[in-house]
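Here the structure comes first, spelled out in structure tokens, and everything after it is commentary.
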Amino acid sequence: MATGFDPSGRLPDFFTSTSTSSFTQFLSQAAPELLPGRRPLPPGLSADIAPHGTTIVAIATTDGVVMAGDRRATMGNLIASRDIRKVHPADAYSLIGIAGTAGIGIELIRLFQVELEHYEKIEGAMLSLDGKANRLAAMVRGNLGAAMQGLAVVPLFAGFDLAPAEGVRPGRIWSFDVAGGIYEETGYEAIGSGSLFAKSALKKRYRAGVSTEDAITLAVEALYDAADDDTATGGPDVIRKIYPVVMTATAAGTHRLSDEEITTVAERVVAGRHENPGG
């Protein structure tokens, strides 16, 4: 039961207060125990008791951004899931992907989605893309206690800026650290245990002004390279027909590539590696 309720049934004042448009701040008053970072944890390191997800890549394009994630979740040396989805729409024009503790990461995504929707309902306007990134940083910071015990989650945020500053491309990308540090990236970024290999692949292939279609292929190739050297990253599974989740954010909104679309791209990448295994 949420804290602060009057036994008579009268709602506490914070339910009717308009002093904040943040759902997370409201929840910290109404039911703080529901926030991911507020739950008590047993003493000791908890990293090995929950599945972890990797790897996510994001690429800025002429039209916006592309974000892609592999489908594997691991628990120690075991594969906990082969088809987890780590890339989701945050709202109509932005995307969020997570690496780290899968359960907390998925919960963080859902809370962030509600946070943005709640702001729009209260303020009657959409939060700016910079504002969304800053709100997400505050939520990551709120999970610092759990992160210090091994249940860390780090998001990757990207979106289409409806009102970019002069000379700034509308497709923008932000990365974060476990303490809530926020960093705007240029061109591309990757997170997760396979990020070193994914970014190395993108470093050689990425060019400013890349089209969305070409960026989709680059993202799948980067995940393939990550899976080639990182056991926690899952590559295209042609036997089970499990391929990366790929989404775009453009002026038309967010869009997830259909199974047919991503299958075509993934199979083309795999066929190319048959001819040149090293990429």
Side-chain angles (χ1 to χ4, degrees), residues 53-73 79-99 102 105-106 109-110 112-113 116-117 129 132 155-162 170-173 188-192 194-195 198 201-202 205-206 209-228 233-274 279:
T54 57
T55 299
I56 310 295
V57 300
I59 303 172
T61 73
T62 54
D63 303 317
V65 291
V66 170
M67 185 177 289
D70 80 302
R71 307 294 296 276
R72 179 175 292 179
I79 297 176
S81 175
R82 299 181 188 275
D83 59 357
I84 186 174
R85 181 181 174 188
K86 311 169 200 172
V87 177
H88 296 260
D91 67 358
Y93 293 97
S94 61
L95 305 168
I96 179 173
I98 56 99
I106 292 171
I109 288 174
R110 292 172 178 167
F112 185 53
Q113 290 170 333
L116 299 184
E117 185 176 353
L129 198 60
K132 295 171 190 177
L156 186 62
F157 178 68
F160 182 87
D161 196 339
L162 296 172
R172 302 172 66 189
I173 303 168
Y188 60 88
E189 180 58 16
I191 59 171
S195 61
L202 290 173
R205 301 290 304 278
Y206 175 80
V210 65
S211 68
T212 297
E213 182 178 357
D214 289 342
I216 290 169
T217 300
L218 286 178
V220 174
E221 288 182 340
L223 291 175
Y224 186 104
D225 287 335
D228 202 30
T233 303
D237 191 333
V238 295
I239 302 299
R240 299 180 178 87
K241 301 296 182 183
I242 300 174
Y243 299 111
V245 172
V246 181
M247 297 194 69
T248 62
T250 64
T254 59
H255 168 69
R256 178 182 175 182
L257 268 67
S258 67
D259 291 340
E260 292 76 17
E261 290 174 312
I262 193 59
T263 295
T264 300
V265 176
E267 290 183 348
R268 184 170 65 244
V269 170
V270 172
R273 294 307 173 95
H274 277 293

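- Separating the CE atom in Met247 from the NE2 atom in His88 is a distance of 9.0 Å, to the nearest 0.5 Å.
- Note that CG of Asp83 is 5.5 Å distant from CZ of Arg71, once rounded to the nearest 0.5 Å.
- Here the shortest heavy-atom pairing between Gly159 and Val65 reads N-CG2, 3.8 Å.
- Between atom CD1 of residue Ile242 and atom CD1 of residue Ile262 there is a gap of 13.5 Å, rounded to the nearest 0.5 Å.
- Using cut-offs of 30° and 60° for the angle between ring planes, the Phe157 and Phe112 rings count as perpendicular.
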**OP:** Decide side chain to side chain contact (heavy atoms under 4.5 Å, CB included) for Thr61 and Thr250; before the verdict, give the C-alpha distance in whole Å, the side-chain angles of both, and the deciding distance to 0.1 Å.
**Re:** CA-CA 9 Å; Thr61 73; Thr250 64; 5.7 Å; no
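- Minimum heavy-atom separation, Ser211 to Thr62: CA-OG1, 4.0 Å.
- Taking CD1 of Ile59 as the start and OG1 of Thr217 as the end, the distance is 9.5 Å to the nearest 0.5 Å.
- With rounding to the nearest 0.5 angstrom, the CD1 atom of Ile216 is 11.5 Å from the OG1 atom of Thr264.
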**OP:** Carefully, step by step, assess Thr212 and Thr248 under the rule side-chain hydrogen bond (donor to acceptor under 3.5 Å, both in side chains).
**Re:** CA-CA 8 Å; Thr212 297; Thr248 62; over 6 Å; no
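- Residues Val238 and Tyr243 have side chains in contact (heavy-atom distance under 4.5 Å, counting atoms from C-beta outward).
- In terms of heavy-atom proximity, Thr55 sits nearest to Gly194 at OG1-N, 3.2 Å.
- Between Leu129 and Leu162, the closest side-chain pair of non-hydrogen atoms is not below 4.5 Å.
- A salt bridge links Lys132 with Asp91: at least one charged nitrogen is closer than 4.0 Å to a carboxylate oxygen.
- Comment: Lys241 engages Glu267 in a salt bridge, judged by a side-chain N to carboxylate O separation of less than 4.0 angstrom.
- Considering CD1 of Ile56 and CG of Leu223, their distance stands at 7.5 Å, rounded to 0.5 Å.
- Nearest heavy atom pair, residue Pro89 against residue Thr254, reads CB-OG1, 3.8 Å.
- Ala158 and Ala58 get closest at one heavy-atom pair: CB-CB, 4.5 Å.
- The minimum heavy-atom distance between Tyr188 and Ile173, with the atom names listed, is CA-CD1, 4.0 Å.
- Atom CD of Glu261 has more than 12 neighbouring heavy atoms from other residues, nucleotides or ligands inside a 6.0 Å radius.
- A donor-acceptor pair under 3.5 Å is formed between the side chain of Arg85 and the backbone N or O of Val87.
- Arg110 CZ: 12 or fewer foreign heavy atoms inside a 6.0 Å radius.
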